[in-house]
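Here the structure is a predicted model, which means the values were calculated and not measured. By convention in this document, chain letters (A, B, ...) are assigned in the order of the sequence lines, proteins followed by strands, and residues within each chain are numbered from 1.
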Number of protein chains: 2
Amino acid sequence: MAELLDRTVAQTYASWFRALADPTRVQIVEYLARHAQAMSVGEIVAAIGLAQSTVSQHLKILTEVRFVLVEPIGTARHYRINDACVGCFPSAADVVMGRPAPSPNGAC
Amino acid sequence: MAELLDRTVAQTYASWFRALADPTRVQIVEYLARHAQAMSVGEIVAAIGLAQSTVSQHLKILTEVRFVLVEPIGTARHYRINDACVGCFPSAADVVMGRPAPSPNGAC
DNA sequence: ATCGTTTATCGGCGATAGACGATCAACGTT
DNA sequence: AACGTTGATCGTCTATCGCCGATAAACGAT
(Lines give C-alpha, C1' and ligand atoms only; values in the text may rest on other atoms or scores of the structure.)
Protein backbone atom coordinates (compact mmCIF):
# COMPACT_ATOMS: atom_id res chain seq x y z
CA MET A 1 0.00 0.00 0.00
CA ALA A 2 0.86 3.64 -0.04
CA GLU A 3 1.96 3.69 -3.64
CA LEU A 4 3.56 6.66 -5.28
CA LEU A 5 1.45 9.19 -7.08
CA ASP A 6 1.17 8.17 -10.73
CA ARG A 7 4.20 9.43 -12.63
CA THR A 8 2.16 10.94 -15.47
CA VAL A 9 0.01 12.88 -13.04
CA ALA A 10 3.12 14.01 -11.19
CA GLN A 11 4.61 15.24 -14.46
CA THR A 12 1.49 17.18 -15.29
CA TYR A 13 1.39 18.81 -11.88
CA ALA A 14 5.12 19.55 -12.07
CA SER A 15 4.63 21.28 -15.41
CA TRP A 16 1.96 23.46 -13.85
CA PHE A 17 4.16 24.36 -10.91
CA ARG A 18 7.10 24.98 -13.23
CA ALA A 19 4.99 27.47 -15.15
CA LEU A 20 4.61 29.42 -11.90
CA ALA A 21 8.19 28.91 -10.72
CA ASP A 22 9.07 32.47 -11.70
CA PRO A 23 7.86 35.52 -9.75
CA THR A 24 7.09 37.46 -12.92
CA ARG A 25 4.77 34.72 -14.16
CA VAL A 26 3.11 34.59 -10.76
CA GLN A 27 2.45 38.30 -11.06
CA ILE A 28 1.16 37.98 -14.62
CA VAL A 29 -1.26 35.19 -13.78
CA GLU A 30 -2.52 36.86 -10.63
CA TYR A 31 -2.91 40.11 -12.53
CA LEU A 32 -4.90 38.50 -15.33
CA ALA A 33 -6.97 36.52 -12.85
CA ARG A 34 -8.14 39.71 -11.17
CA HIS A 35 -9.04 41.27 -14.51
CA ALA A 36 -12.31 40.05 -15.91
CA GLN A 37 -11.58 41.22 -19.44
CA ALA A 38 -8.62 40.20 -21.56
CA MET A 39 -5.57 42.46 -21.89
CA SER A 40 -3.20 43.21 -24.74
CA VAL A 41 0.51 42.41 -24.52
CA GLY A 42 1.29 46.11 -24.40
CA GLU A 43 -0.82 46.61 -21.30
CA ILE A 44 0.84 43.66 -19.59
CA VAL A 45 4.30 44.91 -20.55
CA ALA A 46 3.44 48.30 -19.07
CA ALA A 47 2.29 46.70 -15.84
CA ILE A 48 5.24 44.33 -15.49
CA GLY A 49 8.03 46.66 -16.57
CA LEU A 50 10.25 44.17 -18.40
CA ALA A 51 11.21 44.04 -22.07
CA GLN A 52 8.46 43.18 -24.53
CA SER A 53 10.28 40.06 -25.69
CA THR A 54 10.66 38.85 -22.14
CA VAL A 55 6.98 39.30 -21.35
CA SER A 56 6.07 37.60 -24.62
CA GLN A 57 8.17 34.60 -23.62
CA HIS A 58 6.46 34.40 -20.24
CA LEU A 59 3.06 34.56 -21.91
CA LYS A 60 4.06 31.76 -24.25
CA ILE A 61 5.01 29.57 -21.29
CA LEU A 62 1.73 30.34 -19.56
CA THR A 63 -0.32 29.59 -22.66
CA GLU A 64 1.49 26.29 -23.22
CA VAL A 65 0.12 24.98 -19.94
CA ARG A 66 -3.18 26.69 -20.73
CA PHE A 67 -3.17 28.88 -17.65
CA VAL A 68 -4.00 31.76 -19.98
CA LEU A 69 -5.86 31.88 -23.28
CA VAL A 70 -5.28 34.13 -26.29
CA GLU A 71 -7.59 35.68 -28.78
CA PRO A 72 -6.49 37.90 -31.65
CA ILE A 73 -8.20 41.28 -31.76
CA GLY A 74 -7.18 42.92 -35.01
CA THR A 75 -3.43 43.28 -34.95
CA ALA A 76 -3.28 42.83 -31.19
CA ARG A 77 -3.56 39.70 -29.09
CA HIS A 78 -5.59 39.68 -25.94
CA TYR A 79 -4.72 37.40 -23.05
CA ARG A 80 -7.05 36.30 -20.30
CA ILE A 81 -7.05 33.77 -17.51
CA ASN A 82 -8.36 30.28 -18.25
CA ASP A 83 -11.28 29.93 -15.86
CA ALA A 84 -10.97 26.14 -15.91
CA CYS A 85 -7.53 26.41 -14.30
CA VAL A 86 -8.83 28.71 -11.60
CA GLY A 87 -10.64 25.71 -10.23
CA CYS A 88 -8.38 22.78 -10.99
CA PHE A 89 -4.96 24.19 -10.22
CA PRO A 90 -5.61 24.76 -6.51
CA SER A 91 -7.08 21.28 -6.30
CA ALA A 92 -3.81 19.94 -7.71
CA ALA A 93 -2.09 21.71 -4.83
CA ASP A 94 -4.47 19.88 -2.52
CA VAL A 95 -3.60 16.52 -4.02
CA VAL A 96 0.13 17.10 -3.61
CA MET A 97 -0.47 18.00 0.01
CA GLY A 98 -2.18 14.68 0.57
CA ARG A 99 -5.81 15.65 0.24
CA PRO A 100 -7.51 13.78 -2.59
CA ALA A 101 -9.23 16.07 -5.06
CA PRO A 102 -12.70 16.76 -3.70
CA SER A 103 -14.43 18.10 -6.82
CA PRO A 104 -15.07 16.23 -10.08
CA ASN A 105 -12.64 18.61 -11.86
CA GLY A 106 -13.39 17.30 -15.32
CA ALA A 107 -12.20 20.67 -16.61
CA CYS A 108 -8.49 19.99 -17.03
CA MET B 1 -6.14 50.30 -9.23
CA ALA B 2 -5.46 46.68 -10.06
CA GLU B 3 -1.88 46.77 -8.88
CA LEU B 4 0.50 43.89 -9.31
CA LEU B 5 0.86 41.29 -6.61
CA ASP B 6 3.63 42.40 -4.26
CA ARG B 7 6.97 41.28 -5.66
CA THR B 8 8.18 39.76 -2.39
CA VAL B 9 5.04 37.68 -2.09
CA ALA B 10 5.36 36.65 -5.73
CA GLN B 11 8.94 35.54 -5.08
CA THR B 12 7.89 33.49 -2.09
CA TYR B 13 5.12 31.78 -4.03
CA ALA B 14 7.45 31.21 -6.98
CA SER B 15 9.98 29.53 -4.69
CA TRP B 16 7.24 27.21 -3.45
CA PHE B 17 6.16 26.34 -6.96
CA ARG B 18 9.77 25.88 -8.05
CA ALA B 19 10.23 23.35 -5.26
CA LEU B 20 7.45 21.32 -6.87
CA ALA B 21 8.52 21.96 -10.46
CA ASP B 22 9.96 18.45 -10.70
CA PRO B 23 7.80 15.31 -10.88
CA THR B 24 10.03 13.41 -8.46
CA ARG B 25 9.60 16.09 -5.81
CA VAL B 26 5.87 16.09 -6.41
CA GLN B 27 5.87 12.37 -5.74
CA ILE B 28 8.03 12.72 -2.64
CA VAL B 29 5.83 15.39 -1.10
CA GLU B 30 2.62 13.61 -1.91
CA TYR B 31 4.09 10.38 -0.55
CA LEU B 32 5.15 11.99 2.71
CA ALA B 33 1.85 13.83 3.01
CA ARG B 34 -0.06 10.55 2.96
CA HIS B 35 2.23 9.05 5.59
CA ALA B 36 1.45 10.19 9.07
CA GLN B 37 4.80 9.14 10.51
CA ALA B 38 8.20 10.31 9.34
CA MET B 39 10.33 8.20 6.99
CA SER B 40 14.05 7.63 6.69
CA VAL B 41 15.97 8.55 3.54
CA GLY B 42 16.48 4.89 2.77
CA GLU B 43 12.75 4.22 2.72
CA ILE B 44 12.17 7.17 0.42
CA VAL B 45 14.99 6.08 -1.87
CA ALA B 46 13.42 2.63 -2.09
CA ALA B 47 10.05 4.09 -2.97
CA ILE B 48 11.35 6.57 -5.54
CA GLY B 49 13.93 4.37 -7.24
CA LEU B 50 16.59 6.97 -7.97
CA ALA B 51 20.14 7.23 -6.65
CA GLN B 52 20.53 8.07 -2.97
CA SER B 53 22.41 11.27 -3.73
CA THR B 54 19.65 12.39 -6.05
CA VAL B 55 16.94 11.80 -3.49
CA SER B 56 19.00 13.55 -0.85
CA GLN B 57 19.28 16.60 -3.10
CA HIS B 58 15.52 16.65 -3.64
CA LEU B 59 14.94 16.41 0.10
CA LYS B 60 17.32 19.30 0.65
CA ILE B 61 15.35 21.46 -1.78
CA LEU B 62 12.07 20.52 -0.11
CA THR B 63 13.41 21.27 3.36
CA GLU B 64 14.74 24.65 2.27
CA VAL B 65 11.22 25.81 1.52
CA ARG B 66 10.04 23.99 4.63
CA PHE B 67 7.62 21.72 2.82
CA VAL B 68 9.19 18.88 4.78
CA LEU B 69 10.79 18.79 8.21
CA VAL B 70 13.69 16.67 9.44
CA GLU B 71 14.46 15.08 12.74
CA PRO B 72 17.54 13.00 13.46
CA ILE B 73 16.82 9.53 14.83
CA GLY B 74 20.12 8.03 15.84
CA THR B 75 22.28 7.89 12.74
CA ALA B 76 19.29 8.24 10.47
CA ARG B 77 17.24 11.28 9.54
CA HIS B 78 13.50 11.10 9.37
CA TYR B 79 11.53 13.32 7.03
CA ARG B 80 7.90 14.25 7.37
CA ILE B 81 5.50 16.69 5.80
CA ASN B 82 5.18 20.13 7.37
CA ASP B 83 1.54 20.29 8.38
CA ALA B 84 1.58 24.08 8.22
CA CYS B 85 2.26 23.92 4.48
CA VAL B 86 -0.57 21.49 3.93
CA GLY B 87 -2.87 24.38 4.70
CA CYS B 88 -1.10 27.42 3.34
CA PHE B 89 0.32 26.13 0.09
CA PRO B 90 -3.05 25.45 -1.54
CA SER B 91 -4.21 28.87 -0.39
CA ALA B 92 -1.24 30.37 -2.22
CA ALA B 93 -2.53 28.62 -5.32
CA ASP B 94 -5.86 30.29 -4.66
CA VAL B 95 -4.26 33.72 -4.43
CA VAL B 96 -2.43 33.28 -7.72
CA MET B 97 -5.69 32.30 -9.35
CA GLY B 98 -7.27 35.52 -8.18
CA ARG B 99 -9.04 34.40 -5.06
CA PRO B 100 -7.79 36.25 -2.00
CA ALA B 101 -6.69 33.95 0.79
CA PRO B 102 -9.79 33.06 2.80
CA SER B 103 -8.22 31.78 6.01
CA PRO B 104 -6.00 33.71 8.42
CA ASN B 105 -3.08 31.40 7.47
CA GLY B 106 -0.74 32.77 10.09
CA ALA B 107 1.17 29.51 9.78
CA CYS B 108 3.60 30.40 6.99
C1' DA C 1 40.50 1.63 16.99
C1' DT C 2 38.16 -0.28 13.06
C1' DC C 3 33.99 -1.49 10.56
C1' DG C 4 29.50 -0.95 8.52
C1' DT C 5 25.48 1.83 8.06
C1' DT C 6 23.20 6.01 6.97
C1' DT C 7 22.99 10.35 4.93
C1' DA C 8 24.97 14.73 3.12
C1' DT C 9 27.97 17.02 0.01
C1' DC C 10 31.18 17.59 -3.96
C1' DG C 11 32.37 17.76 -8.86
C1' DG C 12 31.05 17.22 -13.39
C1' DC C 13 27.91 16.56 -17.18
C1' DG C 14 24.27 17.87 -20.52
C1' DA C 15 20.02 20.32 -20.60
C1' DT C 16 16.99 23.98 -19.58
C1' DA C 17 15.70 28.67 -17.90
C1' DG C 18 15.57 33.93 -18.06
C1' DA C 19 17.04 38.03 -19.61
C1' DC C 20 18.01 41.08 -23.47
C1' DG C 21 18.39 43.34 -28.23
C1' DA C 22 17.49 42.61 -32.89
C1' DT C 23 14.75 40.95 -36.35
C1' DC C 24 10.65 39.18 -38.59
C1' DA C 25 5.63 38.84 -39.68
C1' DA C 26 0.98 40.60 -39.83
C1' DC C 27 -1.94 44.24 -40.60
C1' DG C 28 -4.25 48.73 -40.67
C1' DT C 29 -3.36 53.51 -42.24
C1' DT C 30 -1.94 56.98 -44.98
C1' DA D 1 3.31 51.24 -52.09
C1' DA D 2 5.59 52.87 -47.98
C1' DC D 3 4.91 53.37 -42.97
C1' DG D 4 3.86 52.64 -38.10
C1' DT D 5 2.12 49.66 -34.65
C1' DT D 6 1.78 45.25 -32.40
C1' DG D 7 3.55 41.13 -30.99
C1' DA D 8 6.23 36.65 -31.81
C1' DT D 9 10.60 34.59 -32.70
C1' DC D 10 15.71 34.23 -33.02
C1' DG D 11 20.38 34.27 -31.23
C1' DT D 12 23.28 34.97 -27.41
C1' DC D 13 24.66 35.21 -22.78
C1' DT D 14 24.89 33.58 -18.07
C1' DA D 15 22.85 30.92 -14.40
C1' DT D 16 20.52 27.16 -12.57
C1' DC D 17 18.64 22.33 -12.72
C1' DG D 18 18.70 17.31 -12.44
C1' DC D 19 21.18 13.40 -12.59
C1' DC D 20 25.04 10.52 -11.34
C1' DG D 21 29.29 8.40 -9.02
C1' DA D 22 32.51 9.31 -5.59
C1' DT D 23 33.69 10.99 -1.32
C1' DA D 24 33.02 12.80 3.30
C1' DA D 25 30.88 12.97 7.86
C1' DA D 26 28.51 11.13 11.78
C1' DC D 27 27.75 7.41 14.67
C1' DG D 28 26.65 2.75 16.61
C1' DA D 29 28.62 -1.80 17.02
C1' DT D 30 32.32 -4.95 17.27
Task: Any donor-acceptor N/O pair, B:Gln27 side chain to A:Leu5 backbone, under 3.5 Å - done: yes
Task: Partner residues of A:Arg66 under the side chain to side chain donor-acceptor pair (under 3.5 Å) criterion, sequence neighbours left out - done: none
TODO: Kindly say if A:Arg77 contacts the phosphate of D:dA8, meaning a side-chain N or O under 4.0 Å from OP1 or OP2.
DONE: yes
Task: A:Arg25 side-chain N/O to A:Arg18 backbone N/O, donor-acceptor pair under 3.5 Å - done: yes
TODO: Provide the start and end nucleotides, 5' to 3', of the part of DNA chain C that has atoms under 4.0 Å from heavy atoms of chain B.
DONE: C:dT6 to C:dT9
Open item on the list: Please determine whether a side-chain nitrogen or oxygen atom of A:Lys60 lies at a distance below 4.0 Å from atom OP1 or OP2 of D:dT9.
Closed with: yes
Open item on the list: Assess the residue pair B:Thr24 and B:Ile48 against the criterion (side chain to side chain contact (heavy atoms under 4.5 Å, CB included)); give the C-alpha distance rounded to whole Å, side-chain angles, the decisive distance to 0.1 Å, and a yes or no.
Closed with: CA-CA 8 Å; B:Thr24 299; B:Ile48 295 294; 3.9 Å; yes
Open item on the list: One character per nucleotide, please: for nucleotides 13-30 of chain D, 5' to 3', B when the base has a protein heavy atom closer than 4.0 Å, S when only the sugar-phosphate does, - otherwise.
Closed with: -----SSBBB--------
Task: Rounded distance in Å - CD (A:Glu43) to C1' (D:dT5) - done: 15 Å
Open item on the list: Checking B:Glu64 now: which residues fulfil side chain to side chain donor-acceptor pair (under 3.5 Å) with it, not counting sequence neighbours?
Closed with: none
Open item on the list: Centroid separation under 6.0 Å, is that true for the rings of B:Tyr79 and B:Phe67?
Closed with: no
TODO: For B:Ser53, enumerate each residue passing the side chain to side chain donor-acceptor pair (under 3.5 Å) test, keeping only those at least two apart in sequence or located in another chain.
DONE: none
Task: Residues in side chain to side chain donor-acceptor pair (under 3.5 Å) contact with A:His78, at least two apart in sequence or another chain - done: none
